[in-house]
Amino acid sequence: MLILVTGGAGFIGSHLVTALVAAGHEVRVLDALLPAAHRSAPPILAGVDWRHADVRDREAVADALRGVDAVCHQAAMVGLGKDFADAPDYVGCNDLGTAVLLATMAEVGLRRLVLASSMVVYGEGRYGCARHGAVRPGPRRVADLAAGGFEPVCPHCGGPLTAGLVREDAPADPRNVYAATKLAQEHLAAAWARATGGRVAALRYHNVYGPGMPQHTPYAGVASLFRSALARGTAPRVFEDGGQRRDFVHVRDVAGANLAALNGVDALPDGGLRAYNAGSGEPRTVGEMAAALAAAYGGPEPVVTGQYRLGDVRHITACSRRLREELGWRPRVEFVDGMAEFAAAPLRAG
């Protein structure tokens, strides 16, 4: 198949392009090379049709879609950014860009889409209270965070909660601008599918890490921020108390999830969107990840700061059973091995 990868020069996109070529697909890349992720054009694999253009450029998108069999839509601004002033850029890149892509796909009759979504659509993860069962805590209060009270409490009794694995049927509850745009991308794709009879596999990535992450940028993930600090010879700064639970999944496993979704999207019903968590299934705390990365790099050891960011959630870890059972995907990279590789791997200039 000829696959269009939007954002194919980016961190995840470039690994996906490599995996698609290795699997025997023809690949076309459309990437705007936004400065937040790219200081210069990265190398492109031989034989890949490279287009330097913005996904919001309808003419460029129409040209890129000619002859294409399916689209892997990776193009997006990611991360929490700097502050709310970034909101127009996030909405423009993520939601307007997705709308232009989908409208153009509708025009040319293209019906297969794999969408890069995110765990952030859930907000906080799954929690249970000993008295009230499954509960959904509200946003954490500034006064509690400032006092070091990082754990959410039961909204009914104020008691402690136990964190669990979130499934795809959990209600969406985006808690920052980036999260809101990722959920909007899913809604736009679902509307497109209903209107055109298309099929969408939406992969809700958890904390992706690995070689080629952008460095020195507020838009990168926490693993990249820690790795950049180590490269500068400074200690990774761990916010809150380091006890935040996440699911760190290697970028090559995420690329494999995209291949599995491409192979399985034709089995979805016409006019439907199916969401899949893409996580390792092995939750770790942010403090554990920082310590493992620092140890593999050779120090310095992480510093726990007690700082916090509004819009961050406390615990969000994946149940990826649906992706495993329905599409036959399995993560291959063990946490310890992945962190050792990441500690030694070069980062891209951001």
Residue list, side-chain contact (heavy atoms from CB on, under 4.5 Å) with Ala345, at least two apart or on another chain: Pro211

Where Val55 and Leu30 come nearest, the two heavy atoms and their spacing: CA-CD2, 4.1 Å

Is the closest side-chain heavy-atom distance between Leu259 and Leu16 below 4.5 Å? yes

Sequence neighbours excluded, every pair satisfying salt bridge (Lys or Arg N to Asp or Glu O under 4.0 Å) that has a member inside residues 15-27: none

Atom of Ser320, atom of Trp329 and distance for their closest heavy-atom approach: CB-CZ3, 4.3 Å

Indicate if Ile316 and Leu310 have the same hydrophobic cluster label, given that clusters are the connected sets of ILVMFWY residues with side-chain heavy-atom separations under 4.5 angstrom. no

For residues Leu20 and Leu262, determine if any side-chain heavy atom of one lies less than 4.5 Å from a side-chain heavy atom of the other. yes

Search all heavy atoms of Arg58 against all heavy atoms of Ala103 and return the closest pair with its distance. NH2-CB, 3.4 Å

Measuring only between side-chain heavy atoms, which start at C-beta, is Phe248 closer than 4.5 Å to Val222? yes

So salt bridge (Lys or Arg N to Asp or Glu O under 4.0 Å) across residues 328-338, not counting sequence neighbours, yields none

Run the numbers on Arg51 and Val61 for side-chain contact (heavy atoms from CB on, under 4.5 Å), then give the verdict. CA-CA 10 Å; Arg51 313 286 181 93; Val61 170; over 6 Å; no

Quick check for you: to the nearest 0.5 Å, what is the distance between Leu165 atom CG and Thr317 atom OG1? 4.5 Å

In the single-linkage hydrophobic clustering (I, L, V, M, F, W, Y; side-chain heavy atoms under 4.5 Å), do Leu102 and Met77 co-cluster? no

Do Leu34 and Val177 sit in one hydrophobic cluster, given that two such residues count as connected whenever their side-chain heavy atoms are within less than 4.5 Å of each other, even indirectly? yes

Answer yes if Val121 and Tyr90 sit in the same cluster of Ile, Leu, Val, Met, Phe, Trp and Tyr residues linked by side chain heavy atoms under 4.5 Å apart, and no otherwise. yes

Please check if the side chain of Arg28 supplies one atom and the backbone of Arg66 the other of a donor-acceptor pair under 3.5 Å. yes

Taking only residues at least two apart or on different chains, which pairs with a member in residues 257-272 satisfy salt bridge (Lys or Arg N to Asp or Glu O under 4.0 Å)? Arg112-Asp266, Arg199-Asp266, Arg199-Asp270

Nearest 0.5 angstrom please: Leu96 CG to Leu188 CG, how far? 9.5 Å

Contacts of Ser14 that satisfy side-chain contact (heavy atoms from CB on, under 4.5 Å) - sequence neighbours left out: Arg348

Side chains of Val29 and Val17, heavy atoms from C-beta outward: is any pair under 4.5 Å? yes

Would you tabulate the side-chain donor-acceptor contacts of residues 201-210 under 3.5 Å, counting partners in other chains and residues two or more places apart, or write 'none'?
unit_1: Arg204; atom_1: NE; unit_2: Glu186; atom_2: OE2; d: 2.9
unit_1: Arg204; atom_1: NH1; unit_2: Tyr122; atom_2: OH; d: 2.9
unit_1: Arg204; atom_1: NH1; unit_2: Glu168; atom_2: O; d: 3.3
unit_1: Arg204; atom_1: NH2; unit_2: Glu186; atom_2: OE1; d: 2.8
unit_1: Tyr205; atom_1: OH; unit_2: Gln74; atom_2: OE1; d: 2.9
unit_1: Tyr205; atom_1: OH; unit_2: Gln74; atom_2: NE2; d: 3.2
unit_1: Tyr205; atom_1: OH; unit_2: Asn258; atom_2: ND2; d: 3.0

Rounded to the nearest 0.5 angstrom, the CE-CG distance for Met1 and Asn263 is 6.5 Å

Name every donor-acceptor pair, under 3.5 Å, that has one atom in a side chain of residues 148-158 and the other anywhere in the protein, sequence neighbours excluded.
unit_1: Glu151; atom_1: OE1; unit_2: His315; atom_2: NE2; d: 2.9
unit_1: Glu151; atom_1: OE2; unit_2: Arg314; atom_2: NE; d: 3.1
unit_1: Glu151; atom_1: OE2; unit_2: Arg314; atom_2: NH2; d: 3.1
unit_1: Glu151; atom_1: OE2; unit_2: His315; atom_2: NE2; d: 3.2

Would you say Gln244's side chain and Gly242's backbone share a donor-acceptor pair under 3.5 angstrom? yes

Does the plane of the ring in His52 sit parallel, tilted or perpendicular to the ring in Trp50? Use 30° and 60° as the thresholds. parallel

For the student: nearest non-hydrogen atoms of Val100 and Asp57, plus distance: CG1-C, 4.4 Å

With Ala106 via side-chain contact (heavy atoms from CB on, under 4.5 Å) - residues at least two apart: Trp192, Thr196

Assess whether atom CZ of Arg321 is packed by more than 12 heavy atoms of other residues, nucleotides or ligands within 6.0 Å. no

With Thr181, the side chain to side chain donor-acceptor pair (under 3.5 Å) member among Thr98, Asn94, Asp89: Asn94

Extract all donor-acceptor atom pairs below 3.5 Å that involve side chains of residues 280-295 and protein atoms in other chains or at least two apart in sequence.
unit_1: Ser280; atom_1: OG; unit_2: Asp247; atom_2: OD1; d: 2.7
unit_1: Ser280; atom_1: OG; unit_2: Glu282; atom_2: N; d: 3.1
unit_1: Thr285; atom_1: OG1; unit_2: Glu288; atom_2: N; d: 2.9
unit_1: Glu288; atom_1: OE1; unit_2: Thr285; atom_2: N; d: 2.9

Look at the side chain of Asp54 and the backbone N and O of Arg56, then say whether any donor-acceptor pair between them is shorter than 3.5 Å. yes

Please report the interatomic distance CZ(Arg111) to CG(Asp69), rounded to the nearest 0.5 Å. 13.5 Å

Looking only at heavy atoms, what is the nearest atom pair of Ala257 and Leu323, with distance? CB-CD2, 4.0 Å

Using modelled atom types only, decide if a donor and an acceptor are shared between the side chain of Asp31 and the backbone of Ala9 within a distance under 3.5 Å. yes

So, using side-chain contact (heavy atoms from CB on, under 4.5 Å) as the criterion, who are the partners of Arg136 when residues are at least two apart? Pro171, Asp173

Joining Ile, Leu, Val, Met, Phe, Trp and Tyr whenever any side-chain heavy atoms lie under 4.5 Å apart, the cluster holding Tyr127 also takes in Val135, Leu161

Residue pair Asp312 / Arg140, side-chain heavy-atom distance below 4.5 Å: yes

One pair to check against side-chain contact (heavy atoms from CB on, under 4.5 Å): Val200 and Arg274. What are the steps and the verdict? CA-CA 6 Å; Val200 185; Arg274 186 75 164 158; over 6 Å; no

Distance col, row Leu2:CG vs His25:NE2, nearest 0.5 angstrom, shows 10.5 Å

In Å and rounded to the nearest 0.5 Å, what is the CG to CG distance from Leu110 to Leu4? 8.5 Å

If you take all heavy atoms of Ala189 and Leu115, which pair is closest and at what distance? CB-CD2, 4.1 Å

In a table with atom names and distances, give each donor-acceptor pair under 3.5 Å that connects a side chain of residues 230-239 to protein atoms at least two apart or in another chain.
unit_1: Arg232; atom_1: NH1; unit_2: His216; atom_2: ND1; d: 3.3
unit_1: Thr234; atom_1: OG1; unit_2: Ala229; atom_2: O; d: 3.0
unit_1: Arg237; atom_1: NH2; unit_2: Gln307; atom_2: OE1; d: 2.9

Heavy-atom side-chain proximity of Tyr178 to Ser118 below 4.5 angstrom: yes

Heavy-atom donor-acceptor pair, His250 side chain to Arg252 backbone, under 3.5 Å: yes

Side chain to side chain, Met105 and His73, heavy atoms closer than 4.5 Å: no

Report whether Tyr297 and Val336 are members of the same hydrophobic cluster (ILVMFWY, side-chain heavy atoms less than 4.5 Å apart, transitive linking). yes

Hey, does the side chain of Arg227 reach the backbone of Phe342 with a donor-acceptor pair shorter than 3.5 angstrom? yes

